[in-house]
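By convention in this document, chain letters (A, B, ...) are assigned in the order of the sequence lines, proteins followed by strands, and residues within each chain are numbered from 1.
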Amino acid sequence: MAIKIYNTLTRQKEIFKPIEEGKVKMYVCGPTVYNYIHIGNARPAIVFDMVRRYFEYRGYDVNYVSNFTDVDDKLIKAAKELGEDVPTIAERFIKAYFEDVGALGVRSADAHPRVTETMTEIIEFINGLIEKGFAYEVNGDVYFSTRKFENYGKLSQQSIDALQSGARIEVEQQKVDPLDFALWKVAKPGEISWDSPWGKGRPGWHIECSAMVKKYLGETIDIHAGGQDLSFPHHENEIAQSEAMTGKAMANYWMHNGYINIDNEKMSKSLGNFILVHDILKKYDPEIIRFFMLMAHYRSPINFNDELLNSAGTGLERLKNAVQNLEYRLEETADLGKNESEWVAKIDAEKEKFIREMDDDFNSANAIAVLFDLAKLANVYLREDHTQKVVLQKFLETFNELADVIGLQLSSPKELLDEEIEKLIEQRNEARKNKDFALADKIRDDLKDMNIILEDTPQGVRWKRE
RNA sequence: GGCGGCAUAGCCAAGUGGUAAGGCACGGGUCUGCAAAACCUUUACCCCCGGUUCGAAUCCGGGUGCCGCCUCCA
């Protein structure tokens with residue numbers, strides 16, 4: 001079995017073949033850190049974290065790199081507005097990024113390079129492009145000669161001439177061709193800047209990724225990923241820069257996640273209809289956000305609203321209940337050493353199905369459906385009077401293993417109740433024994449006010465937090 | 001104008017040739033002192049019109065509608 005990836009470059013699913021056996025070199029375009037990230041920025045972080053986890057689950061050694069754009073026009077503008085300097089703002093929102101995304105279960109990359117820490121490599125890269133005749137300098141600005149790169153437009157499948165007619169932005173007069181894009185921008189008075197062979201300035205947006213990919217992962221990498229809106233022009237320009245420089249493919253597979261929509265319209269900072277992760281986490285459990293995003297395929301657009309999040313939350317609750325049901329019963333079960341290979345086989349079949357779905361372009365939607373099937377199977381098994389430890393353990397192991405690939409924690413840590421609550425539960429048991437249901441129900445209601453939910457099962461009373 | 005995507009139940013969402021997964025919601029039932037959890041059960045002319053095929057949600061052609069990209073954007 002092999003992993004298949006939808007490659008934006010070829011517009012089809014392809015079998016993943018790593019450059020180096022057993023290894024994945026992967027680069028994901030990160031945020032510009034001039035504000036808190038919105039949930040649209042969170043989507044690539046989450047889905048490619050899932051991709052990374054799956055590769056690891058399948059035994060690959062993943063080298064995962066994701067950048068921070070910590071100097072650019074938006075940061076300079078934000079600095080001016082806030083009366084702070086660029087590094088201060090960048091630092092603050094990088095910290096916030098790790099907090100937000102960490103809450104969403106996204107693991108740290110192996111490297112998180114920043115533009116300001118990659119300046120030497122960026123300048124070298126631009127120099128190389130000038131030497132090779134792919135770039136030129138005008139009054140301290142440096143531009144890439146787009147038309148000199150033969151395959152320009154191959155990722156977005158645009159012909160270079162069609163692009164020209166579509167240009168809506170006012171063209172800077174000094175460009176030789178309107179399609180040329182900036183590699184280096186001359187500093188305006190008072191702006192943050194770095195020394196370069198072309199005078200004081202800062203890098204253009206696209207060059208950082210080319211330089212970072214080369215520095216951290218090499219000339220050709222396995223997977224380059226990001227949001228769909230980056231495919232043009234950002235990724236197109238990266239390809240032009242890198243491939244002009246090395247003469248080799250920049251990445252073998254290009255992956256793009258779909259947008260998040262609000263009321264069926266793309267959410268973006270420019271439209272102003274964005275939801276900050278920072279804010280939404282005050283309202284929803286972070287794992288619900290993650291679960292919701294992975295319930296759809298990563299390439300599909302998803303809508304975001306309260307109704308959808310709440311229903312995802314209920315679904316997640318169902319999975320957690322199944323795991324709790326298993327855990328609870330495990331405590332009550334002795335191993336009778338009975339042969340239960342039939343159930344074990346059923347569980348293994350679900351696991352295989354999960355792998356098959358994930359192999360198919362990381363279909364987490366179907367993989368999660370398998371988790372629901374597994375939950376159903378577990379609950380059916382739990383209806384039997386005599387359960388077996390081996391089977392319960394097998395269920396739990398499988399749940400934990402597969403949920404971890406999705407990045408979810410289904411079992412909740414064991415905790416003890418304080419004595420007062422224990423006493424109340426005891427009193428209620430007494431009341432029930434004496435058929436004093438009024439008192440029993442009152443105690444149950446009181447406990448509910450303390451966010452303790454009681455459930456009476458054939459094996460006894462159990463509780464959980466609301 | 002150029003390029004691309006999408007249209008599946010009340011809502012969300014898989015499914016790219018073999019007769020429609022899964023979740024949420026709703027109704028009916030079982031279990032329960034009552035609940036909860038759980039199980040069983042009901043609910044789809046797959047946007048429209050043609051075509052190819054023994055067979056189409058799936059492939060092809062033509063519509064309709066929505067969305068995105070065409071140098072701020074994840």
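Crowding of A:Lys148 atom NZ: a count of heavy atoms from other residues, nucleotides or ligands under 6.0 Å not exceeding 12.
Atom P of nucleotide B:A37 and atom NZ of A:Lys464 are separated by 6 Å, given to the nearest angstrom. A:Asn257 places its CG atom 12 Å from the C1' atom of B:C73, with the value rounded to the nearest Å. Distance A:Arg299 CZ to B:G4 C1': 13 Å, rounded to the nearest Å. Between the C1' atom of B:G22 and the CD1 atom of A:Ile406 lies a distance of 13 Å, rounded to the nearest Å. As a whole-Å value, the separation of A:Lys154 NZ from B:G4 C1' is 18 Å. B:G15 atom P lies 13 Å from atom CD1 of A:Ile368, rounded to whole Å. A:His234 places its NE2 atom 10 Å from the P atom of B:A74, with the value rounded to the nearest Å. Rounding to whole angstrom units, CG of residue A:Asn321 and P of B:C39 are separated by 10 Å.
Side chains of A:Asn41 and A:Tyr97: no donor on one and acceptor on the other come within 3.5 Å. A donor-acceptor contact closer than 3.5 angstrom is absent between the side chains of A:Asn273 and A:Glu265. Side chain to side chain, A:Asp141 and A:Gln174 meet the donor-acceptor criterion of an N or O pair below 3.5 Å.
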Just the table, please: protein N/O against nucleotides 27-35 of chain B N/O, every pair under 3.5 Å.
from  : atom 1 : to       : atom 2 : distance (Å)
B:G33 : O6     : A:Arg428 : NH2    : 3.4
B:G33 : O6     : A:Arg432 : NE     : 3.3
B:G33 : N1     : A:Asp441 : OD1    : 3.0
B:G33 : N2     : A:Asp441 : OD1    : 3.4
B:G33 : N2     : A:Asp441 : OD2    : 2.6
B:C34 : O2     : A:Arg444 : NH2    : 2.6
B:C34 : N3     : A:Arg444 : NH1    : 2.9
B:C34 : N3     : A:Arg444 : NH2    : 3.3
B:C34 : N4     : A:Asp456 : OD2    : 2.9
B:A35 : N6     : A:Asp456 : N      : 3.4
B:A35 : N6     : A:Asp456 : O      : 2.7
B:A35 : N1     : A:Asp456 : N      : 2.9
B:A35 : N3     : A:Arg444 : NH1    : 3.1

Are any protein N/O atoms closer than 3.5 Å to N/O atoms in nucleotides 66-68 of chain B? If there are, list each pair with its distance.
from  : atom 1 : to       : atom 2 : distance (Å)
B:G68 : O2'    : A:Tyr259 : OH     : 2.9

Distances under 3.5 Å only, N/O to N/O: pair up the protein atoms with those of nucleotides 11-14 of chain B.
from  : atom 1 : to       : atom 2 : distance (Å)
B:A14 : OP1    : A:His297 : N      : 3.0
B:A14 : OP1    : A:Ser300 : OG     : 2.8
B:A14 : O3'    : A:Asn363 : ND2    : 3.1
B:A14 : O2'    : A:Asn366 : OD1    : 2.1
B:A14 : O2'    : A:Asn366 : ND2    : 2.3

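By the ring pair (Phe, Tyr, Trp, His ring centres under 6.0 Å) test, A:Phe292 is found to be paired with A:Phe304, residues two or more places apart in sequence or in another chain being considered. The side-chain contact (heavy atoms from CB on, under 4.5 Å) check on A:Asp404 picks up A:Arg53, with sequence neighbours excluded. A:Gln228 pairs by the side-chain contact (heavy atoms from CB on, under 4.5 Å) definition with A:His256, A:Tyr259, not counting sequence neighbours. Residues meeting the salt bridge (Lys or Arg N to Asp or Glu O under 4.0 Å) test with A:Arg92, sequence neighbours left out: A:Glu84. In this structure A:Lys376 satisfies the side-chain contact (heavy atoms from CB on, under 4.5 Å) test together with A:Arg318, A:Val380, sequence neighbours excluded. Scanning for salt bridge (Lys or Arg N to Asp or Glu O under 4.0 Å) contacts around A:Glu99 gives A:Lys95, with sequence neighbours left out.
Nucleotides of RNA chain B nearest to A:Gly258 and A:Leu319 differ in position, and the one nearer the 5' end is that of A:Leu319. Mapped onto RNA chain B by nearest heavy atom, A:Gly315 and A:Phe181 fall at different nucleotides, with A:Gly315 at the one closer to the 5' end.
Nucleotides B:A56 and B:G51 have their C1' atoms positioned 11 Å apart, rounded to a whole Å. To the nearest whole angstrom, the two C1' atoms, one in B:U41 and one in B:G33, are 26 Å apart. Remark: the separation of the P atoms in B:A35 and B:G28 is 13 Å, to the nearest Å. B:G23 sits 14 Å from B:U42 when the P atoms are compared, rounded to a whole Å. For the P atoms, the distance from B:G50 to B:U58 is 14 Å, rounded to whole Å. Look at the C1' atom in both B:G4 and B:C46: the space between them is 23 Å, to the nearest Å. Going from the C1' atom of B:A7 to that of B:C12 covers 14 Å, rounded to whole Å.
Within 4.0 Å of A:Asn379, counting heavy atoms only, lie sugar-phosphate atoms of the nucleic acid but no base atom. A:Gly40 comes within 4.0 angstrom of a base, heavy atoms only. The residue A:Leu371 sits apart from the nucleic acid: no heavy atom pair falls under 4.0 Å. Looking at heavy-atom distances under 4.0 Å, A:Asp73 makes no contact with the nucleic acid at all. Within the 4.0 angstrom heavy-atom criterion, no nucleotide atom of any strand lies near A:Ser159.
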Can I get a per-line list of side-chain donor-acceptor pairs under 3.5 Å for residues 293-302 of chain A, giving both atom names and the distance, sequence neighbours left out?
from     : atom 1 : to       : atom 2 : distance (Å)
A:His297 : NE2    : A:Asp361 : OD2    : 3.3
A:Tyr298 : OH     : A:Asp361 : OD1    : 2.7
A:Tyr298 : OH     : A:Asp361 : OD2    : 3.4
A:Arg299 : NE     : A:Asp361 : OD2    : 3.0
A:Arg299 : NH2    : A:Asp361 : OD2    : 2.7

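Among the nucleotides B:A74, B:A37, B:A21, the one closest to the side chain of A:Pro44 is B:A74. In this structure, the nucleotide among B:U71, B:G4, B:A25 sitting nearest to the side chain of A:Thr314 is B:A25.
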Output the pairing pattern of RNA chain B as a dot-bracket string, 5' first, Watson-Crick or G-U wobble with both distances under 3.5 Å, | for cross-strand pairs, [ ] for crossing pairs. ((((((((.[[[..)..(...]]]..((((.......)))).....[[[[[..)....]]]]])))))))....
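Of the possible donor and acceptor atoms, one in the side chain of A:Lys175 sits under 3.5 Å from a partner among the backbone N and O of A:Asp180. Distance alone, capped at 3.5 Å, is enough to place a donor-acceptor pair between the A:Thr314 side chain and the A:Asn310 backbone.
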Tell me, with the steps shown, if A:His224 and A:Tyr253 meet ring-ring contact (aromatic ring centres under 6.0 Å, His included). CA-CA 6 Å; A:His224 195 126; A:Tyr253 305 88; over 10 Å; no
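The residues A:Arg147 and A:Asp177 are annotated as salt-bridged, a charged nitrogen and a carboxylate oxygen being separated by less than 4.0 angstrom.
Within the structure, salt bridge (charged side-chain N to carboxylate O under 4.0 Å, His left out) contacts touching residues 304-315 of chain A (residues at least two apart or in different chains) are A:Lys283-A:Asp306.
In this structure, A:Lys175 does not reach the B:U71 phosphate: none of its side-chain N or O atoms is under 4.0 Å from OP1 or OP2. Side-chain N/O atoms of A:Arg318 include one lying less than 4.0 angstrom from OP1 or OP2 on B:C39.
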